[in-house]
**Student:** 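I have a structure here, written as structure tokens, and I will follow up with some questions on it.
Naming: A, B, ... by sequence-line order, numbering from 1 per chain.
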Amino acid sequence: MTDTLPPRTADLPAQWNPGEVEAGMYERWVDAGYFTADAQSEKPPFCIVIPPPNVTGSLHIGHAFEHTLIDIMCRRKRMAGYETLWLPGMDHASIAVHALVERALAAEGTSRRELGREAFIERTWQWKEEHGGKILAQMRRLGDSVDWTRERFTMDERSNRAVLTIFKRLFDDGLIYRAERMVNWSPEMRSVLSDVEVEHKEVEGELVSMRYGSLDDAEPHIVVATTRVETMLGDTAIAVHPDDERYTHLVGTEIELPLVGRMIRIVADEHVDPSFGTGAVKVTPAHDPNDFEVGRRHDLPMPTIMDETGKIADTGTEFDGMDRFEARVKVREALAAQGRIVAEKRPYVHSVGHASRGKFEPIEPRLSLQWFVKVAPLAEAAGDAVRSGDVIVHPKELEPRWFGWVDNMHDWCISRQLWWGHRIPVWYGPNGEVVCPGPDEQPPAGYTQDEDVLDTWFSSGLWPFSTLGWPEKTPDLAKFYPTSVLHTGYDILFFWVARMMMFGLYAMDEKPFDTISLHGMVRDQHGKKMSKTVGNTVDPNVWMDEFGTDAVRFALARVANPGTDAPIGDDNVLAARNFGTKLWNVTRFAMSSGASPALPLPSAPTDADAWILGRLREVRDQVDALLEDFQFAKATEALYHFTWDEFCAWYVELAKPQLADEATEDGTRAVLGHVLDALLRLLHPISPFITEALWQALTDGESIVVAEWPVAPGAPVDPAAARRVTDAQKLITEIRRFRTEQRVPDSRRVPARLVGLDAAGLGAHRASVVALNRLEATAPDFAPTATLEVALATGTIQVELDTSDAIDVPAERARLGRDLAAAQKELDQADKKLGNPKFVDKAPADIVDGIRARRAAAEADIERINARLAALPRS
RNA sequence: GGGCGCGUAGCUCAGCGGAAGAGCACUCGGCUUACACCCGAGCGGUCGCAGGUUCGAACCCUGCCGCGCCCA
């Protein structure tokens, strides 16, 4: 900091060139340590842990959106005096990386099994070092104010220890168990998936009705319908409703399963819907979740008829070895050949679960031995934390979604038949012993470790505290846990947020974050979901190249309404870029006019000064409250309008005549400098780079990153001054409108006399009205060709103009006609209300008075306009 | 099938009980020494439909129609 006035426009190039400046600026911020948090600080903490992007990922528009919003929060809090930690890191993305490396191996003509576990994992780490983490550089580009000294990875040493520690605790508490259950199997990955990794989608399939038992109508037979013909090879029963009289005589008997020849039972079960199809359903306990339950209730055999790749196996039929989809056709054909196909409905639309990762293949329900987390007690705590208000879900509309999930959560299948990830820390002894050693313990000699790894979300569920050092009692943990805000998309509320909440409450005995703030999905400019197949995706990196980072951030912030999807397209970014240019140019103008925040604010401000200073105070309060409430779009919009429509469009224009007047020029420079200084600081969290460049030039300060967040900039609102400015604006606008409609060229100076200005208290505004309307003083022989009346709050102004030609009477008549119609409509509406005795009687007095005042104003307007119309020459 | 939400200007959305708003698009006029990435003026809506509550409804309630999303 210097105590001399900083150099002026010399510092500011005529144009902002983001590409040339941003990277260097960012590295200076990092080097200066602005983003490095101090756990020993006395300042109040503000902490956000990054939703860890996949190590495979590169920055897409969803990241850009999420990071922009988080960065806005962090930068604001940092400026506002909080010890701010935004902790970066990445997720090891078990399935995604595993699949990626497997594909690479396949391309080389080998496989992970050929390579062996150890070599595979080594190879995967190597991939990570060489190709992973592309997103980190892109985060720098985006300006993320993360603390790089604390960067973490969900498979680093400390995360590993956290996983082992909590697994052991859950295991010892009986909250982790191993069981044979119906699971979601991915034949592609040859692994189980958790429920949340399955997406249900309507598909056009077939509904085939087929006849079991005898082909002789006199003998016992039964017709069942299915969308999955091939699973009949694993049927072990037919179920009917107990009250269904059509089948009462068959219940308890056996019938022959076609193609296989096995005898299967006919059982009565409450869960059968007698109105669906024939009212009889086939039961395949090992390959359908509902059938599994039926099988359990009736103690049915549960043969598995498919291997882990989705091929038919162990049925002893010709179909063994066929893929499930091929078998579906062949089995149907075989049944048809026997005359057992009674009906076929095709297409038959029904819902099928698909793997949300990988190739989006249909998942296969399969009976399998897996590890599970018993979620009931954990989920209850997660629900209670929100119910009690300890943790806030924002926006509140998404609370039901939270409860709907945590209150109905199924046990979480955590084992995956993959190699890349945290290996399950359970060891088996030679005689079936099962042990779970703690992080510092060794398994007994001769024991072998479980082959599977943990679901990726297991380690990311520990993220808010594993990143702060848990299970060690670190200063970071003491300072920053619980974290302040968890900000992420509503789409991973269940995948991730629910898990963090459960683990946080369990491991730390305290919530992992105070507030869950949810944003929506970025959509295209028409509000359509972005998808690669549709081709409507956008690339934030391309936008940053074209428009600069600040424009991308500003555009994203401007559409970020809490919890709702955000449509965005080129136009939005273009508009944001233009806004940056506007800000750049107005700062250049102010500085070239000698503006500086170091100058003392005028003791006798003009109306315009008082007005803009009051507005600044109001806007800062509004923006501050909106940002505190995660209303990024509204805060950004408020700043956009203040900057452009109030500061640039009005104050700066009003300031020009003030700068030409000795009495007001110094004060005007001070006000310009003061407002810009505060405005740049308010905008900095949204658009960090351009505001830094402008602010440093304007103030000669060290960095806007560590500048103070404005607390009470400007001045308290001066209502009288504000009203006079509003009046002056209305007067100026009305004259402009008249000029436009009378087609007076913009460049022509029009001699004019403003009658009644002093009486209306607007005497001091004469110079601005003249300047902004390109008027000029009247000569002694002034002869007005037109008179315009403008009704203001404090009086009516007559504007007498010499437009040098006869005025366009039809145009003027049309203009006045529109005004008259508007006033008449206003009068009618007011009369209607006031004519209703109930309104006058029951509505609050201030509302009634307001209507009366409007009525009076409308009446006066009508009288005035009619007089003017009458005075117009006939045409 | 269950739940949540949405239908407001050509498009995308804000407003959620007391005078219909914004951005973009569109029309007209302007290179007015910060800015044509700009300036000025303007056009544009029985707030999905039908009932109800209220002095008063885009806003609250009910039903219907049409769209999303989540979960089965």
Side-chain angles (χ1 to χ4, degrees), chain A residues 9 12 14-16 195-196 198-200 273 289-290 351 353 397-405 408 410 490-491 493-494 520-521 523-529 547 551 555 558-559 561 563-572 574-593 595 631 633-634 637-638 640-641 644-645 648-649 652-653 655-656 732-749 771-774 815 818 825-826 829-830 832-834 836-844 846-848 850-851 853-854 857-858:
Chain A
T9 41
L12 276 188
Q15 273 194 325
W16 167 238
D195 289 345
V196 288
V198 175
E199 262 177 58
H200 288 264
D273 175 7
N290 293 322
S351 182
E397 298 94 270
L398 290 171
E399 255 188 17
R401 208 153 150 156
W402 174 260
F403 293 128
W405 177 255
N408 301 294
H410 301 301
Y490 60 67
D491 59 327
L493 195 58
F494 314 139
M521 303 296 112
R523 292 170 168 264
D524 76 5
Q525 62 269 47
H526 299 295
K528 296 277 177 284
K529 206 174 193 167
F547 302 108
R558 202 174 172 200
V559 293
N561 287 113
T564 56
D565 291 346
I568 196 164
D570 288 334
D571 284 351
N572 299 259
L574 192 73
R577 191 275 313 264
N578 293 352
F579 176 76
T581 307
K582 189 76 181 172
L583 194 63
W584 186 265
N585 284 324
V586 78
T587 308
R588 276 177 61 222
F589 166 77
M591 287 177 62
S592 70
S593 306
Q631 305 275 358
K634 292 191 179 71
E637 193 69 9
Y640 178 92
H641 282 295
W644 203 309
D645 300 335
C648 292
V652 169
E653 293 308 319
K656 285 174 184 173
I732 290 164
T733 302
E734 283 300 312
I735 298 172
R736 282 173 176 167
R737 187 173 159 225
F738 176 83
R739 286 184 62 132
T740 296
E741 307 214 348
Q742 284 300 315
R743 301 191 174 274
V744 178
D746 291 5
S747 52
R748 185 190 301 165
R749 298 231 167 238
L772 269 62
N773 286 114
R774 301 188 70 72
R815 186 179 75 87
R818 276 195 300 274
K825 188 179 170 191
E826 178 80 4
Q829 280 179 348
K832 195 177 160 195
K833 286 201 171 189
L834 293 168
N836 181 351
K838 285 180 180 168
F839 170 74
V840 182
D841 195 36
K842 293 198 174 182
D846 57 324
I847 298 292
V848 179
I851 298 287
R854 284 171 51 198

**Student:** Quick check: any donor-acceptor pair below 3.5 Å linking the side-chain of Arg401(A) to the base of C70(B)?
**Tutor:**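 Flag unset: no donor-acceptor pair detected.
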**Student:** Does a nitrogen or oxygen in the side chain of Lys842(A) sit under 4.0 Å from OP1 or OP2 of C55(B)?
**Tutor:**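 Checking Lys842(A) against C55(B): at least one side-chain N or O falls below 4.0 Å of OP1 or OP2.
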**Student:** Report the stems of RNA chain B as range-with-range entries sorted by first number; a stem here is at least three consecutive pairs, Watson-Crick or G-U wobble, both distances under 3.5 Å, and write none if there are none.
**Tutor:**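 Looking at RNA chain B, the stems formed by three or more consecutive pairs are B:1-7 with B:65-71, B:10-13 with B:21-24, B:26-30 with B:38-42, B:48-52 with B:60-64.
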**Student:** Atom pairs, N/O to N/O, protein against nucleotides 19-23 of chain B, distance under 3.5 Å?
**Tutor:**
{"unit_1": "A19(B)", "atom_1": "N1", "unit_2": "Arg854(A)", "atom_2": "NE", "d": "3.3"}
{"unit_1": "A19(B)", "atom_1": "N3", "unit_2": "Glu826(A)", "atom_2": "OE2", "d": "3.3"}
{"unit_1": "A19(B)", "atom_1": "N3", "unit_2": "Arg854(A)", "atom_2": "NE", "d": "2.3"}
{"unit_1": "A19(B)", "atom_1": "N3", "unit_2": "Arg854(A)", "atom_2": "NH1", "d": "3.2"}
{"unit_1": "A19(B)", "atom_1": "N3", "unit_2": "Arg854(A)", "atom_2": "NH2", "d": "3.0"}
{"unit_1": "A22(B)", "atom_1": "O2'", "unit_2": "Glu637(A)", "atom_2": "OE2", "d": "3.0"}
{"unit_1": "A22(B)", "atom_1": "O2'", "unit_2": "His641(A)", "atom_2": "NE2", "d": "3.4"}

**Student:** Mapping Lys529(A) and His200(A) onto RNA chain B by nearest heavy atom, which one lands closer to the 5' end?
**Tutor:**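 Result: Lys529(A).
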**Student:** What does nucleotides 5-13 of chain B look like as a protein-contact string, B for base, S for sugar-phosphate only, - for none, at under 4.0 angstrom between heavy atoms?
**Tutor:** ------SSS
**Student:** Closer to the 5' end of RNA chain B via nearest nucleotide, is it Asn290(A) or Thr733(A)?
**Tutor:**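 Upstream on the strand: Thr733(A).
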**Student:** Whole Å only: how far is the CZ atom of Phe494(A) from the P atom of C71(B)?
**Tutor:**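 In whole Å, C71(B) P lies 7 Å from Phe494(A) CZ.
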**Student:** So Lys832(A), base contact, sugar-phosphate only, or nothing? Heavy-atom distance under 4.0 Å.
**Tutor:**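 Result for Lys832(A) = nothing.
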**Student:** Is Glu653(A) touching bases, backbone alone, or none of the nucleic acid, heavy atoms closer than 4.0 Å?
**Tutor:**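 Contact class for Glu653(A): base.
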**Student:** Is there side-chain contact between Val840(A) and Lys833(A), with heavy atoms separated by less than 4.5 Å?
**Tutor:**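 No, side chains not in contact.
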**Student:** Would you say a side-chain N or O of Arg737(A) is under 4.0 Å from OP1 or OP2 of A41(B)?
**Tutor:**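 So the side-chain polar atoms of Arg737(A) never come under 4.0 Å of the phosphate oxygens OP1 or OP2 of A41(B).
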